[in-house]
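Treat the numbers as computed from the prediction; the structure is a model and nothing was measured. Below, chains carry the letters A, B, ... as their sequence lines are ordered, and counting in each starts from 1.
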There are 2 protein chains.
Amino acid sequence: MSYRYALVPYIRAPEKYPNVVLFYDEYVSIIKDAFPKGKVHLLILPRNEETSKQKSQEAFKDEKTRKMLEAYVHQAIELTQKAFDKEWRRIDGDDEKKMKILVCCHSVPSLNNLHIHVLTTDMCGRNMKNKKHYNSFTTDFAIRFDEFPLKEDDFRLQDKGKCESLLKQDLVYNGANYKSSFKKMQAKIHEDFDKIYKHI
Amino acid sequence: MSYRYALVPYIRAPEKYPNVVLFYDEYVSIIKDAFPKGKVHLLILPRNEETSKQKSQEAFKDEKTRKMLEAYVHQAIELTQKAFDKEWRRIDGDDEKKMKILVCCHSVPSLNNLHIHVLTTDMCGRNMKNKKHYNSFTTDFAIRFDEFPLKEDDFRLQDKGKCESLLKQDLVYNGANYKSSFKKMQAKIHEDFDKIYKHI
DNA sequence: TATTCCGATAGTGAC
DNA sequence: GTCACTATCGGAATGAG
């Protein structure tokens, strides 16, 4: 079971991992996701033990916790934007158009410590490898930070089975249904990305 | 679609393929199966065009056709027995015990030319690679030559769907159910074979 | 839904 | 059920004295 606690070191001793931890204070650590699903993919980890062991659906019922995190979310968004812009430029030169950034929590996390994903929405990360990865960020399986607190009747509060079924649904990109053909969809996604961005 | 006619050359011009054709006359060719599912695996191919294009269920309703083939079946069995004995010896030295030989047709063939399988029942052929291969020789999907002509109510005369479903059933070997674990079953089959036979 | 490894399953293309 | 190739799907292990 210990893989479920892979994030513990960054909460307990962020100072030990300068290559992974971009920022930390007494409340949070902001780290680079070891298996990025977007070109840039960070995680915000609340360091408070009680908060960390809760699911996002529960932890973010508390307004204080949400408010406390807002500033860190904005900070992480800025870090993500800067990291992306440092690596990628639009071919059309229109620097006003910014890569969209997603801030969310998975409705059924696999790691036991609360973590907020902050990632560019290109879906071109090195470790975007399968249908579950893709659907975990493109369906309601992902709970956007601005959706918290969830309404009482939100299925994601109770219905783990329905959440998990979202990961198995057909792959949809740009209005097209790719059924289960992850590789074909990924090829199209990368093709489109390469039409818009060039690496610096 | 032309792969469905892979056997045509051995019917039309058996004299051209001495490395594959073990015997031929005006009625049949007996060839080595290119993808053997037993240690020895031959095919009897009736050369008559009308016969060849029928399914076994139809062709062997005709008694003359069956009778014509009987002698060739016995010949093919002898060839198979000799070829096996030339390569493999029982470790216990009991030469009276003979490897069993199966003579059958597939109820749903993939190749369009009528072919009778004659093979040792060791299930250890070089090309025994998956569940469908195995079930195609160990279930009623295989119609033994001595079952022809089929009774009128035999499902294999009409129900292609039921025939094909037999290929997907659980793997059974020596009374044990291996579900879909082909590799595990195959390991056991080879282990058992190696306990009884040694290569010459 | 952490990854990774292995194996079973499924679709395709073959001329 | 022809094969061979690719890719998808599905389970299990992952720790460690």
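- Taking the ring centre of A:Phe155 as origin, the terminal cationic atom of A:Lys162 falls inside the region bounded by 6.0 Å and 45° from the ring axis.
- Between A:Asn135 and B:Lys168, the residue whose closest nucleotide on DNA chain C is further toward the 5' end is A:Asn135.
- With a 6.0 Å cutoff to the six-membered ring centre and a 45° limit on the axis angle, A:Lys184 does not count as a cation-pi contact of A:Tyr173.
- Counting heavy atoms from C-beta on, the side chains of B:Glu63 and B:Pro149 never come closer than 4.5 Å.
- Candidate nucleotides D:dA7, D:dC9, C:dA8 were compared by shortest atom distance to the side chain of B:Lys183, and C:dA8 ranks first.
- To the nearest angstrom, P of C:dG7 lies 19 Å from NZ of B:Lys179.
- Both A:Val40 and A:Ile30 are part of a single hydrophobic cluster, where members link through side-chain heavy atoms under 4.5 Å apart.
- D:dG17 and C:dT3 have their C1' atoms separated by 26 Å, given to the nearest Å.
- When the P atom of D:dC5 is taken as reference, atom OH of B:Tyr3 falls 17 Å away, rounded to whole Å.
- Counting any heavy atom pair closer than 4.0 Å across all strands shown, B:His117 reaches no nucleic acid atom.
- Taking only side-chain nitrogens and oxygens, B:Lys37 comes nearer than 4.0 Å to OP1 or OP2 of D:dC3.
- Phosphate contact (OP1/OP2 of D:dA7, side-chain N/O of A:Ser181, threshold under 4.0 Å): absent.
- Of all nucleotides listed (D:dT8, C:dA8, C:dT4), C:dA8 comes nearest to the side chain of B:Phe182.
- Applying the 4.0 Å criterion to OP1 and OP2 of C:dT9, one finds that B:Ser180 has a side-chain N or O inside that range.
- Regarding B:Asn127, its CG atom lies at a distance of 11 Å from the C1' atom of D:dA4, rounded to whole Å.
- The separation between A:Tyr5 atom OH and D:dA16 atom C1' is 17 Å, rounded to whole Å.
- Atoms OH (B:Tyr178) and C1' (D:dG11) sit 19 Å apart, rounded to a whole Å.
- Atom CG of A:Asp33 and atom C1' of C:dT3 are 12 Å apart (whole Å).
- Residue-level contact check: B:Leu111 touches the backbone only, with heavy atoms under 4.0 Å from sugar-phosphate atoms and none from bases.
- Side-chain nitrogen and oxygen atoms of B:Lys129 include at least one within less than 4.0 Å of the OP1 or OP2 phosphate oxygen of D:dA4.
- A salt bridge between B:Lys151 and B:Asp153 is absent, with no side-chain N of the basic residue lying under 4.0 Å from a carboxylate O of the acidic one.
- Following rounding to the nearest Å, A:Tyr134 (OH) and D:dT8 (C1') show an atom-to-atom distance of 17 Å.
- When the P atom is used for both C:dC6 and D:dG15, the distance is 15 Å, rounded to whole Å.
- For C:dT12, the paired nucleotide is D:dA4, the pair qualifying as Watson-Crick or G-U wobble because both relevant distances are below 3.5 Å.
- Taking atom CD on B:Gln186 and atom P on C:dG7, their separation rounds to 11 Å, with Å as the unit.
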